[in-house]
Amino acid sequence: MVSKRLLLRFITVVIIVALFLIMLDVSVPYLRRVAEDQKITGSWGNQLKWSEKFEQSDKIIRSLQHQIQDLESALETKKSQLIKIEEQKEEISTEESNPLYMDGDKVLHFLHEQISKARVLKGQRLRNEYSVNEFRMFDRTFVYKMDLGLKQRPQDVISSRYDWNSEFPGVINFGVESLNSGGRRLEVTPTYRFTEKDFVHGLSRTEAGMGVHYELVYKPISSANLPKDIKLFYVTVFRPLAPPKAIQTRSSPTSETVHFIVPLQNRIDTFQMFMKYFDDTIQVDHNVHLTVVYFGKVGLYSLNQDMEEFRNKTGFTQFSVVSVLNEEFSRGKALQKGVNSLTVKNPLLFFCDIDIAFSPEFLTQCRSHSQAGVSVFYPVVFSLYNPNVVFDKDKVPELRDRQVIKNNYGFWRDFGFGMTCQYKSDFVEIGGFDLNIRGWGTEDSLLYRKFSQSNLQVIRTPVNTLFHHWHPKECDASWAKEQYESCLKSRARTEGSMKDLGLLYFKMKESLEKKDS
C-alpha cells in the first residue's frame, strides 16, 4: 500500500513539471521577440536587463531538466520495488494453505483465533473433572489462590509482586474504560462515569499458550445520585499474549433472589449457628430464599419452632421446610428434593451445608458467576482446622475470630465440591444428583464431574466469603469404598496443618517415651 502511494505522488510531480516546461517552451519565444523589439527601440540599459533574464531562465530550465531526470530514475526504482512486492505476495498466497486475509492484518486475525481457541465465552467438553482450569480471585488489595507458592500463603498482597502490581490494577482500569466507552454506563445514569472504586472483585486464569482470561465485576458507587435499583456490571477480558481485548460486557440485577438449599438431620445446635450468619446476611441483602430439607422426626419440632421464632424476630418470611420422615438420609436426595420444591421459574440455586459461614458479599459472587446456559459457579471454601490442634485449649478464639485466611488457621478445601451456585435449568439439564448414594460425600464430586463434561463453563475459584467450620466427622465403613476412603481423607486433612500435626506427633511421642522410662 505504501509503495502505491509513493508511485502516485511521483506521477503527480512529473505531470506538474511537464506542464511547467510546456509553459516555458511557449513563453520563451515570446520573450525573445519582445527582446528583439527592445533592442531596436529600447535603451542600452533595458537590453542588459533582458539579457540577464534570459540567462536566469536558461539556468532554471537546465535545473528542471536535471530534476526531471532524477525523478524518472527514482520512479523506475520504485516501480521495480513494487513489482518485487507483488511477486512475493503471490508466492506467499500459493505456499500457505490459508489465503491472505483481505485486510492484510495477519496479527489481528491471529489474536481472534487465540480468543476462539481459549473458549472464553463458552464451555468446553473436558476429559474429566481434573481438567478444569481453575480461576483465582482478586480484589484491589489481595489475590486469593490455591497454589500457595514458596511463601505458602493462601492470600497474598498484590503489591508484594511487581508483576501483579502492574497486571491487576491495569486490567481493572481497562475494564473501567470498556464500560465508559460503551453504552453500559448509561444504564446507571446519563452522566455516570465508572471509576476503579466501582470494582468489586475479579477472577483470572491463564490459558496455556494463548493468554489470560479475566472476569471483572463492578458495582456503581462513585456518585451520590444513583438509582434505587443498581445493577452489577461485568467485563470479560482476554489478554492474548498481547494488549487486552474486551470480549463482552453485560449486566444483571443485584436484586435476583439466591435460593439457599440446606440438607439437615439432627444437629439443631449447629443449624442455630448457621441462622446467625443468615440473619447477618439478610440485614444487608434480603434477596434470598431458604429451603431446609429435614430428614427424620427427631428434632423436626425444634426446627419448626426455631424458624417461627426467626420469622417473628426478623420479619423474614422467604423460607420453607421440606420434611422427609421415613427415608434414610442422603445429601444428594435432600438437595434434589429441595430443588423440586421450588415453583418459581428457573431459580438461582445455592447448595449449602450448615457448617458453612458466609458473608453477604458471597451473594454478589454467586450472582456474578452463574449464568443460565453458560456457566456454573464452584467456589473453593476456606476450611478451618481443628481448633484444639491449632490453639492451646485454654486460648481458643471465638469462632468468628478464627475466620481468617491464614496458613496455620486452615486451607483451601480444593477437594470439596458441595458448595455451588447454578440455575435450576442447568441442574436439570445434566441430570441432577445420583440418588443411589447413601449418607454424605461423593454425590457432590459426581455432580461436579457432570458439569465439567458438559458444554457449560465451570468457574472454580477460592473465595474470601465462605468458611467451613471444623466439626468431628464420622466415616461409616459400610459405605461404598470410594465414599468411605474420601471421608477418611477429608477427616485427615481437616485436623491441622502438616506443621501442627508434626508437632503434635512429636509431643505425643516424647510423652510416651517419658512414661516408658
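Hydrogens, waters and symmetry mates play no part in the numbers below; they use all other heavy atoms, side chains included. Remember, predicted model here, so these are calculated numbers, not experimental data.
- Between Arg331 and the choices Val293, Asp444, Ile437, the side chain to side chain contact (heavy atoms under 4.5 Å, CB included) rule is met once, by Asp444.
- Between Phe433 and Phe351, the ring planes are tilted. Angles from 30° to 60° get that label.
- Sorted by first and then second residue, the salt bridge (charged side-chain N to carboxylate O under 4.0 Å, His left out) pairs involving residues 397-408 (not counting sequence neighbours) are Asp280-Arg400.
- Using a 4.5 Å cut-off on side-chain heavy atoms (C-beta onward), Phe168 and Thr141 make no contact.
- Asn386 is not listed as a side-chain neighbour of Thr494, based on a closest heavy-atom distance of 4.5 Å or more.
- Residue pairs meeting the disulfide (SG to SG under 2.5 Å) criterion with at least one member in residues 158-269: none, sequence neighbours excluded.
- Between the side chain of Asp426 and the main chain of Gly373, a donor-acceptor pair closer than 3.5 Å is present.
- Classified by interplanar angle (parallel below 30°, tilted 30° to 60°, perpendicular above 60°), the ring pair His289/His259 is tilted.
- Proximity of Phe274 to Val262: side-chain heavy atoms (C-beta onward) are separated by under 4.5 Å at one or more points.
- Residue Phe382 holds its CZ atom at 6.0 Å from CD1 of Ile405, rounded to the nearest 0.5 Å.
- Side-chain N or O atoms of Trp412 include one that pairs as donor or acceptor with a backbone N or O of Lys145 at under 3.5 Å.
- In terms of heavy atoms, His369 sits closest to Val217 at CE1-CG2, 4.0 Å.
- Residues Arg367 and Asp285 are paired through a salt bridge, judged by an N-O separation under 4.0 Å between the basic side chain and the carboxylate.
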May I have the step-by-step check of side chain to side chain donor-acceptor pair (under 3.5 Å) for Thr236 and Glu215, ending in yes or no? CA-CA 5 Å; Thr236 299; Glu215 295 288 343; 3.0 Å; yes

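- Salt-bridge annotation for Asp156 and Arg161: absent, with no side-chain N of the basic residue lying under 4.0 Å from a carboxylate O of the acidic one.
- Of the N and O atoms on the side chains of His201 and Asp139, not one donor lies less than 3.5 Å from an acceptor on the other residue.
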Side chain to side chain donor-acceptor pair (under 3.5 Å) assessment of Asn464 paired with Gln365: CA-CA 10 Å; Asn464 58 344; Gln365 297 171 353; 3.2 Å; yes

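- Between Glu443 and Leu435 there is no side-chain heavy-atom pair separated by less than 4.5 Å.
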Could you go through the side chain to side chain donor-acceptor pair (under 3.5 Å) check for Tyr234 and Ser252 one step at a time? CA-CA 8 Å; Tyr234 314 97; Ser252 72; 2.5 Å; yes

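- Taking the side chain as every heavy atom from C-beta outward, Leu349 and Val339 approach each other to under 4.5 Å.
- In this structure, Asn133 contributes its side chain and Thr206 its backbone to a donor-acceptor pair below 3.5 Å.
- Applying the salt bridge (Lys or Arg N to Asp or Glu O under 4.0 Å) rule to Asp434 yields no partners; only residues at least two apart in sequence or on another chain are considered.
- Between Val212 and Glu167, the closest side-chain pair of non-hydrogen atoms falls below 4.5 Å.
- Side-chain contact annotation: Asn287 with Glu256, donor-acceptor N/O pair under 3.5 Å absent.
- The closest side-chain heavy-atom distance from Val463 to Val380 is not below 4.5 Å.
- Neither side chain, Tyr484 nor Ser478, offers a donor N or O lying under 3.5 Å from an acceptor on the other.
- Applying the side-chain contact (heavy atoms from CB on, under 4.5 Å) rule to Asn346 yields the partners Ala372, Tyr423, Lys424, Ser425; only residues at least two apart in sequence or on another chain are considered.
- Listed by chain and number, the residues in a ring pair (Phe, Tyr, Trp, His ring centres under 6.0 Å) with Phe362 are Phe350 (sequence neighbours excluded).
- For Gln403, the side-chain contact (heavy atoms from CB on, under 4.5 Å) partners two or more places apart in sequence, or in a different chain, are Tyr277, Ala357, Leu384, Leu399, Phe467, His469.
- Between Thr195 and Ser222, the side chains place a donor N or O and an acceptor N or O closer than 3.5 Å (distance only, hydrogens not considered).
- By the disulfide (SG to SG under 2.5 Å) test, Cys421 is found to be paired with Cys366, residues two or more places apart in sequence or in another chain being considered.
- With a 6.0 Å radius and a threshold of 12 heavy atoms from other residues, nucleotides or ligands, Glu429 has its CD atom at or below the threshold.
- Side-chain atoms of Asn173 come within 3.5 Å of backbone atoms of Pro169 as a donor-acceptor pair (strictly under, hydrogens ignored).
- Among pairs with a residue in residues 175-191, those fulfilling salt bridge (charged side-chain N to carboxylate O under 4.0 Å, His left out) read Arg184-Glu187, Glu187-Lys231, at least two apart in sequence or across chains.
- Residues forming a ring pair (Phe, Tyr, Trp, His ring centres under 6.0 Å) with Tyr192 (at least two apart in sequence, or on another chain): Phe194.
- Under the 4.5 Å side-chain criterion, counting only non-hydrogen atoms from C-beta, Met275 is in contact with Leu290.
- For the atom pair Gln305 CD and Glu308 CD, the distance stands at 9.5 Å (nearest 0.5 Å).
- For residues 204-281, the set of pairs meeting the disulfide (SG to SG under 2.5 Å) definition, not counting sequence neighbours, is empty.
- Gln453 places a side-chain N or O within 3.5 Å of a backbone atom of Arg127 that can act as its donor or acceptor partner.
- Residue pairs meeting the salt bridge (charged side-chain N to carboxylate O under 4.0 Å, His left out) criterion with at least one member in residues 336-347, sequence neighbours excluded, are Glu327-Lys337.
- Taking Phe199 as the reference, Phe138, Tyr218 meet the ring pair (Phe, Tyr, Trp, His ring centres under 6.0 Å) condition, with sequence neighbours excluded.
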